[in-house]
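Being a predicted model, the structure only gives us computed values, none of them experimental.
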Amino acid sequence: MRLDFSGLKEYETMKPGLERIKAFLDCIGNPQDNFTTIQIAGTNGKGSTAAFLAAILSAHGYKTGLFTSPHLIDVTERVQADGLAVSKKIFEQIVNQNIDRARNLNLSYFEFLTAIGLIYFNMAGIDFAVMETGLGGRFDSTNICKSRACIITTISYDHQEILGETLSAIAYEKAGIIKGGESVFCGALPQEALKEIKKLSRPFVFGKDFTAQNINCEGEFYSFDFVGFNKTIEGLKLSLAGAHQVQNAALAISCAITLLGEKLDGQVLRQALSTTKWPARFDIKSFGGRTFIIDGCHNLEAFEAFIKTWKVLEFGKERRPFIFAMMRQKDFAPIIKMFAPIVSRIILPDISNPRALEFSVLSDEFKKYLPAADIIKA
């Protein structure tokens, strides 16, 4: 692909608001109005929950779009229909047809990618679009859509410089996806966060209105029974590792029940959950006879989930070597303090990204817990 995104700024550097993307979409006929949207916000678990829900809807025969961020390798990963990324040819066509308008209307890079997703979903004739917010919710460009349902997965500390310093402030921003009239589903949130959401809706809450029972650990994967909305669905097995995925799956199931009603089929649901793929979330890979675990955890809550899953595994009973990198705006000190006890050696790659923390900063912090000889620059 030959893509030129020059002239598009980073969203964080721009004035918050939906005016830019609204103006853009108005110019092209508001493609987002031609399908049913489900919006997902939260500090962690958004991508996995979105992947579960999209898989459930696709398995029931509905053409389903999935918009997520960030991508791992290729930008087309952000825009999928029925589990397949948009082709590079079509993506390039959409970019080239719309980039001048995006520049003229001063869209950010993320706003433009959101618009690309909505354009493609309309082209593909999808029934449902599962939209993961990029940052926050209230002013996130995905919030231009009118949602049939909203999911808020977790609320914890991250991006405080933009979302606020308290859980209430962060919840206020994320609850901005609630516009009134849609069904709202929440994970087990702190009370101060849930209070903000209840100002806008009467949410269905994990552990109260629906739950998971008979949870069993099978290696790093979990099985459970879903109970809620006058239904009990037994024998659900997850293909994503970690106990935290049980709540994510339960949120997706609850939303699917509301969207599909009596059309939801227990056996189809089981198959969808057992085959859902979502890379880089405690993703276990083998290369050259060695086992690697790839995880994109990037805040304290996410590291807690990673470490809890790690300790369940047999090889997690010993310290192991890790490759580690982190962005500059993250609260890295408490993360490293939590992480260091499972580390034997830490490899810190030199990343050519101005937002990445330098080796010297990370090295100095790891030296509080590891010998200098076990801290390696790569």
Side-chain angles (χ1 to χ4, degrees), residues 10-12 40-51 68-72 110 132-140 151-177 186-190 192-194 196-197 206 240-248 251 278-283 293-311 322-343 346 348-349 351 353 355-358 361-362 365-366 368-369:
E10 289 295 328
Y11 178 78
E12 293 89 338
I40 302 180
T43 304
N44 293 300
K46 298 187 297 293
S48 298
T49 303
T68 59
S69 62
H71 58 273
L72 294 176
F110 184 77
E132 177 194 359
T133 61
L135 177 61
R138 186 161 63 105
F139 293 127
D140 190 84
I151 299 175
I152 299 177
T153 54
T154 69
I155 301 288
S156 62
Y157 294 102
D158 200 9
H159 298 293
Q160 292 98 307
E161 73 283 0
I162 297 173
L163 303 180
E165 296 293 333
T166 67
L167 292 180
S168 293
I170 294 169
Y172 171 76
E173 293 296 333
K174 294 185 184 296
I177 65 172
C186 296
L189 306 181
E192 58 265 47
L194 189 59
E196 290 296 325
I197 293 164
F206 179 79
L240 302 184
H244 53 287
Q245 297 293 359
V246 172
Q247 175 178 275
N248 294 337
L251 283 165
W278 199 234
R281 277 72 176 177
F282 212 95
D283 198 356
I293 297 176
I294 305 168
D295 199 296
C297 51
H298 58 279
N299 55 51
L300 199 60
E301 182 184 56
F303 268 86
E304 288 173 346
F306 174 86
I307 292 169
K308 183 177 180 180
T309 306
W310 170 266
K311 289 183 176 178
F322 283 84
I323 302 169
F324 182 95
M326 183 159 284
M327 291 298 187
R328 187 183 297 276
Q329 72 270 28
K330 301 300 180 181
D331 189 10
F332 62 89
I335 288 174
I336 290 174
K337 182 178 180 180
M338 176 190 295
F339 180 52
I342 68 172
V343 176
I346 196 74
L348 304 175
I351 298 177
N353 185 324
R355 298 173 64 189
L357 275 169
E358 302 90 341
V361 176
L362 290 175
E365 196 63 32
F366 272 107
K368 297 177 182 179
Y369 311 101

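Of the possible donor and acceptor atoms, one in the side chain of Arg281 sits under 3.5 Å from a partner among the backbone N and O of Pro279. Remark: side-chain polar atoms of Asp140 are paired, donor with acceptor, to backbone N or O of Gly134 under 3.5 angstrom. Between the side chain of Thr68 and the backbone N or O of Glu132, no donor-acceptor pair lies under 3.5 Å. No donor-acceptor pair under 3.5 Å is formed between the side chain of Gln329 and the backbone N or O of Glu161.
The shortest heavy-atom contact between Thr133 and Lys46 is O-CE, 3.4 Å. Contact between Ile197 and Ile152 at its shortest, heavy atoms only, is CD1-CD1, 3.7 Å. The heavy-atom pair separating Leu135 from Ile162 by the smallest distance is CD2-CD1, 3.5 Å. When all heavy atoms of Ala171 and Ile155 are compared, the pair lying nearest together is CA-CD1, 4.1 Å. The two residues Ile151 and Ile177 make their nearest non-hydrogen contact at O-CD1, 4.0 Å. Taking both residues in full, the closest heavy atoms of Thr154 and Leu189 are given as CA-CD2, 3.6 Å, listed atom of the first, atom of the second, then distance.
Here the OG1 atom belonging to Thr166 is positioned 10.0 Å from the CD atom belonging to Gln160, to the nearest 0.5 angstrom. For the atom pair CD1 (Ile351) and CD (Glu358), the distance works out to 11.0 Å, reported to the nearest 0.5 Å. Rounding to the nearest 0.5 Å places NE2 of His298 at 9.0 Å from CD1 of Ile335. A distance of 12.0 Å separates CD in Glu365 from CD1 in Ile346, rounded to the nearest 0.5 Å. Here Phe332 contributes atom CZ and Leu357 contributes atom CG; the two are 5.5 Å apart, rounded to the nearest 0.5 Å. Separation of atoms CD (Glu304) and SG (Cys297) is listed at 11.0 Å; rounding is to 0.5 Å.
Phe339 and Phe324 have parallel rings, their planes meeting at less than 30° on a 0 to 90° scale where 60° marks the start of perpendicular. Using the six-membered ring where Trp is involved, Phe282 and Phe306 have ring planes that are tilted, between 30° and 60° apart.
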Would Glu196 and Lys174 count as a salt bridge (Lys or Arg N to Asp or Glu O under 4.0 Å) if you check the C-alpha gap in whole Å, the side-chain angles of each, and the deciding distance to 0.1 Å? CA-CA 10 Å; Glu196 290 296 325; Lys174 294 185 184 296; over 6 Å; no
Please walk me through it: do Leu300 and Ser156 pass side chain to side chain contact (heavy atoms under 4.5 Å, CB included)? CA-CA 8 Å; Leu300 199 60; Ser156 62; over 6 Å; no
With side-chain hydrogen bond (donor to acceptor under 3.5 Å, both in side chains) as the test, would you mind laying out the steps for Thr43 and Glu301 before giving the verdict? CA-CA 8 Å; Thr43 304; Glu301 182 184 56; 5.0 Å; no
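Side-chain contact between Phe322 and Ile293: absent, with no pair of heavy atoms (C-beta onward) separated by less than 4.5 Å. Contact of the Cys186 side chain with the Phe206 side chain is not registered, since no non-hydrogen atoms from C-beta on lie closer than 4.5 Å. The closest side-chain heavy-atom distance from Tyr157 to Asn299 is not below 4.5 Å.
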